[in-house]
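Predicted model, so just to flag it, every value in this text is computed and none were measured.
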Amino acid sequence: MEKRKVLSIAVLELLSNILADTTDGLTGTEIHRFLLQAGISDISENETFLAKRKRLFNAFANYGAQNEAYMSRSAEK
């Protein structure tokens with residue numbers, strides 16, 4: 001099985017900053033909806049004072065960690 005490349009933490013943080021920009025970025029509601037549509041858990045949705053960019057980063061990082069663990073278990077079989 002070919003190993004997939006993953007995005008670095010720096011790239012995930014940059015994407016989160018761009019997508020959640022307070023002027024031109026997505027709203028909190030849009031972020032939540034898009035994450036759910038993509039099958040990514042919005043793990044920080046109930047944290048009231050968390051910045052949108054941090055919320056988005058947490059979701060991306062959690063999704064990446066879950067997939068990495070799954071891929072590791074699949075490779076062992």
Side-chain angles (χ1 to χ4, degrees):
M1 175 183 284
E2 182 180 333
K3 188 170 182 174
R4 296 186 311 183
K5 294 181 181 181
V6 296
L7 299 175
S8 70
I9 290 176
V11 171
L12 288 177
E13 191 170 8
L14 181 62
L15 288 171
S16 299
N17 290 344
I18 292 168
L19 292 172
D21 180 87
T22 54
T23 305
D24 299 319
L26 301 170
T27 66
T29 302
E30 290 171 327
I31 288 171
H32 179 72
R33 186 174 66 242
F34 290 139
L35 287 172
L36 292 180
Q37 288 174 347
I40 300 173
S41 297
D42 188 359
I43 62 170
S44 303
E45 75 174 297
N46 294 324
E47 296 187 33
T48 308
F49 297 106
L50 190 64
K52 293 184 297 182
R53 62 187 175 84
K54 294 285 187 182
R55 182 173 153 196
L56 195 52
F57 175 81
N58 289 346
F60 286 157
N62 182 63
Y63 182 77
Q66 287 178 343
N67 283 328
E68 187 174 325
Y70 173 78
M71 295 301 287
S72 296
R73 286 192 307 272
S74 295
E76 292 173 359
K77 292 180 181 179

task = Can you tell me which residue pairs pass the salt bridge (Lys or Arg N to Asp or Glu O under 4.0 Å) test with a partner in residues 7-27, sequence neighbours excluded?
result = none
query = When hydrophobic residues are tied together by side-chain contacts of less than 4.5 Å, even through go-betweens, does F34 share a cluster with L7?
reply = yes
query = Closest approach of A59 and L35, non-hydrogen atoms and distance?
reply = CB-CD1, 3.7 Å
ask   = Any link between V11 and L19 through a network of hydrophobic side chains (Ile, Leu, Val, Met, Phe, Trp, Tyr) touching at under 4.5 Å?
value = yes
task = For residues S44 and N58, report the shortest heavy-atom separation together with the two atoms involved.
result = OG-ND2, 3.0 Å
message = Listing request: all salt bridge (Lys or Arg N to Asp or Glu O under 4.0 Å) pairs with a residue in residues 28-53, at least two apart in sequence or in separate chains.
response = D42-R55
request  = Using the side chain to side chain contact (heavy atoms under 4.5 Å, CB included) rule, pick out the option among I9, N17, L15 that qualifies with F57.
outcome  = I9
task = Show your working on side-chain contact (heavy atoms from CB on, under 4.5 Å) between L56 and L26 and close with a plain yes or no.
result = CA-CA 10 Å; L56 195 52; L26 301 170; 5.5 Å; no
